[in-house]
Amino acid sequence: MKRTHHCAQLRASDEGKTVVLFGWVSSYRDHGGCVFIDLRDREGVTQLVFDPELAGHGDQPRATHDLARALRSEWVVAVQGVVKGRGANKNSRLPTGEIEVHGFELFVFNKSETPPFEIADSIDTSEEKRLQYRYLDLRRAPLQRTLRVRHRIHQITRRYFDDNGFLELETPVMVKYTPGGARNFLVPSRMNAGKFYALAESPQLFKQLYMVAGFDKYFQIVKCFRDEDLRLDRQPEFTQIDVEMSFVNQDDVFRVMEGLVFGIWKEVLGVDLKELYPSGRFPQMPFDESMAKYGNDKPDVRFDLPHVDITRVVVDHGGGGVPFWKTIADKLSAGDAHRDAVTDIVKALRVPAELAGKMSRAEIEKLEEFVKGMGAKGLARAKVDAEGNWVQSPLAKMITPELRLAINARVEARDGDLVLFQFGRESVVQTVMANLRIHLAKKLGLIPDSGHGGKWKFLWVVNPPLFEYDDERKTWVAAHHAFTRPHDDCIDRLEKDPGKVLCWRYDLVLNGFEIGGGSIRLHDPAVQAKVFRTLGISDEDARSKFGFLLDALKYGAPPHGGIAIGMDRLSMLLSGSESLRDVIPFPKTQRGTDLMTDAPNVVSPEQLAELKIRVVEPPAGA
RNA sequence: GGGGUGGUAGUUAAGUUGGUUAUAACGCCGGCCUGUCACGCCGGAGGCCGCGGGUUCGAGUCCCGUCCACCCCGCCA
């Protein structure tokens, strides 16, 4: 038998045809007389009927009917039959619902054990079980759809870049370890005992070498590997749309990527982003503004609830009678509030009365548990009444009326508003407040718990600082990487005031997720030397770490820059999936294991001996 | 490394103050049923209560440890 149609293909116009379908038994309903089978393949479902009285095929239908009664879920079968209209019995929920196939010949390719969960659109099964039987999970329609979306994105991406003169070029996966950035997975070299390759965390250096080599416009859909702890939106191996261009500025990069994203949304979702962004451009927000208003560099601007930094007001009032705030005020007014020291800040978040009214006092108190889980010591709060008094607030008794009114004015508090405060170490305050803002938005129904909720808020976050101060090591470190080009008007600050040096780095943010990031690269050896000096990297250090790139940049490197888009996150947001694991065919658990194959695993002593590797602490149970 | 949630039948869950034989739904097996499409009806099987220890006359339930999954912080230039 040769397949003639797939399971989503037949319509009323096919009535009378003799067809052959292949597929999986999705469900069976045995009525003693007729047996109904829903036959499923990757395209859809068609109802089969096995009627012992089917005319015109001799005794065959009776034998086939007996065989059909034995069919069970997920058996793989071939059926030959006649397409018949269903008349009044049609099923409007199925695209093929107006017909059914009356089978007179049936062949079982393979039986199936009873699957551990139903192969249905919506199942109530733990993710653990789904990952263990991933090949069955992938048989379900939602995952089939998601992987098709990924396929479409791949095809659109390749066509887009090809049309725009980009070359798809490969880079090595097994590379030399370079320090800094994400932790690498290491691969031992059998032929060079005691030495290791690193799995590339990104093709960064190689794509820059392509620019030096004159390829001008490069792209690649490429796997990257990072040995860091996992999250909802982080897997140890993931896919990037990696791009690099010569002779471009930041805006050129933005235009290219905006074109790609508009194209993907149009073709995959049928959404015309021009209706939301008529200029064809995504808005841009300075890094500093993002940190001030949202506490991180990937703001979800589908809703408002901005933070207000009230550090200045608190300092001006000497802490306003609040002991913790006085400590901060004393410290900052003493003049050590530089970026090169641990800084304390005070932030407020005003929940407008109409939203605050939705939360009970108990719910508001539960917020404190939430922030404590993130390292906060507590959550100061105040309800503001019509006279501007603070009620239900531990601060109310201590705070001076002057500071209270100054804060009310600063956060524009009105009757019934709830104001939440965080103060202390800047990094903690920012993290806590950023997460609190999202948490509140979900609790208050401003955004759904997961998914886009029909809103697409894109944003370029631009002009971040080139350096960050590392409190523990007491040194400046590169915020992105050491080859990011600083703004020209910042170059004289490289040595005097490194914290104030802004650079040509950018992140593309969608609904609170960083879906891509990149930079214009530093190709001027003189400026590069100054950057290394600020980072405390000696000439010898630089040579041993990045020698091949520094050498390459000496041989006529064009100005260049690029970006990488997280394919998995893009797919996740586009498909409204709850986690990266739903858009990656074979994902890892939070501990980086594969529940299906049981990777990673121990290897034999012989394999280790060949690699000259001795395991110091054998894993438990090994 | 830290904080939180969960783990009971194939699956998802309930399980009271520690007390007789650990429930239910779906699934599975057998039987009946000619129009179902969440088919229906009758009957049946199915348990290492994650694992180890402790308290107790007695532990799914209380205590300690541990493993696994998920969410978050740290980490991820």
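Order of the sequence lines sets the chain letters (A, B, ...), proteins ahead of strands, with each chain counted from 1.
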Sugar-phosphate, base or nothing in reach of A:Arg581, heavy atoms under 4.0 Å: sugar-phosphate
Sugar-phosphate only, base, or nothing, as touched by A:Leu94 at under 4.0 Å among non-hydrogen atoms: nothing
Donor-acceptor pair present, A:Asp229 side chain and B:C76 base, under 3.5 Å: no
Below 4.0 Å: OP1/OP2 of B:C72 and any side-chain N or O of A:Asn435: no
A:His31-A:Phe36 aromatic ring centre distance below 6.0 Å: yes
Any residue meeting ring pair (Phe, Tyr, Trp, His ring centres under 6.0 Å) with A:Phe50, in chain and number order, not counting sequence neighbours: none
Residue closer to the 5' end of RNA chain B, A:Ala182 versus A:Thr589 (nearest nucleotide): A:Thr589
A:Phe586 six-ring centre to A:Arg581 NZ/CZ under 6.0 Å and within 45° of normal: no
Any side-chain donor near an acceptor of the partner, A:Gln240 and A:Lys223, under 3.5 Å: no
A:Arg591 side-chain N/O to B:C68 phosphate OP1/OP2 under 4.0 Å: yes
Partner nucleotide of B:A13 by Watson-Crick or wobble geometry (both distances under 3.5 Å): B:U23
Candidates B:A69, B:C75, B:C37 - which lies nearest the side chain of A:Arg29: B:C37
Nearest-Å distance for atom pair CZ/P, residues A:Arg425 and B:G74: 10 Å
Check: A:Thr64/A:Arg62 side-chain N/O donor and acceptor closer than 3.5 Å: no
Residue pair A:Ser290, A:Asp297: steps toward the side chain to side chain donor-acceptor pair (under 3.5 Å) verdict: CA-CA 6 Å; A:Ser290 183; A:Asp297 59 355; over 6 Å; no
Between the protein and nucleotides 8-14 of chain B, are there any N/O to N/O pairs under 3.5 Å, and if so, what are the atom names and distances?
from	atom 1	to	atom 2	distance (Å)
B:U11	OP1	A:Lys129	NZ	3.1
B:U11	O4'	A:Pro116	O	3.4
B:U12	OP1	A:Ser126	N	2.9
B:U12	OP1	A:Ser126	OG	3.0
B:U12	O4'	A:Asp124	O	3.3
B:U12	O2'	A:Asp124	OD2	2.8

A:Tyr28 side-chain N/O to A:Arg69 backbone N/O, donor-acceptor pair under 3.5 Å: no
Option passing side-chain contact (heavy atoms from CB on, under 4.5 Å) with A:Glu74 (candidates A:Glu113, A:Arg139, A:Glu118): A:Arg139
Along RNA chain B (nearest heavy atom to each residue), the more 5'-positioned of A:Lys372 and A:Ser579: A:Lys372
Passing option when A:Leu48 is tested against A:Asp38, A:Val35, A:Leu71, A:Leu21 for side-chain contact (heavy atoms from CB on, under 4.5 Å): A:Leu21
Pair partner, B:U56 [Watson-Crick or wobble, under 3.5 Å]: none
Test item: A:Asn184 side-chain N/O and A:Leu199 main-chain N/O as donor-acceptor pair under 3.5 Å: yes
Distance test, side-chain N/O of A:Thr593 to OP1/OP2 of B:A69, below 4.0 Å: yes
Distance between C1' atoms of B:C62 and B:G19 (Å, rounded): 14 Å
Pairing partner of B:G44 (Watson-Crick or G-U wobble, both distances under 3.5 Å): B:C28
Please list, pair by pair, any protein nitrogen or oxygen found under 3.5 Å from a nitrogen or oxygen in nucleotides 28-35 of chain B.
from	atom 1	to	atom 2	distance (Å)
B:C29	OP1	A:Arg72	NE	3.3
B:C33	N3	A:Asp30	O	2.8
B:C33	N4	A:Asp30	O	3.2
B:G35	N1	A:Glu100	OE2	2.8
B:G35	N2	A:Glu100	OE1	2.7
B:G35	N2	A:Glu100	OE2	3.0

Watson-Crick or G-U wobble partner of B:U5, both distances under 3.5 Å: B:A69
Whole-Å distance separating the CZ atom of A:Phe370 from the P atom of B:C71: 14 Å
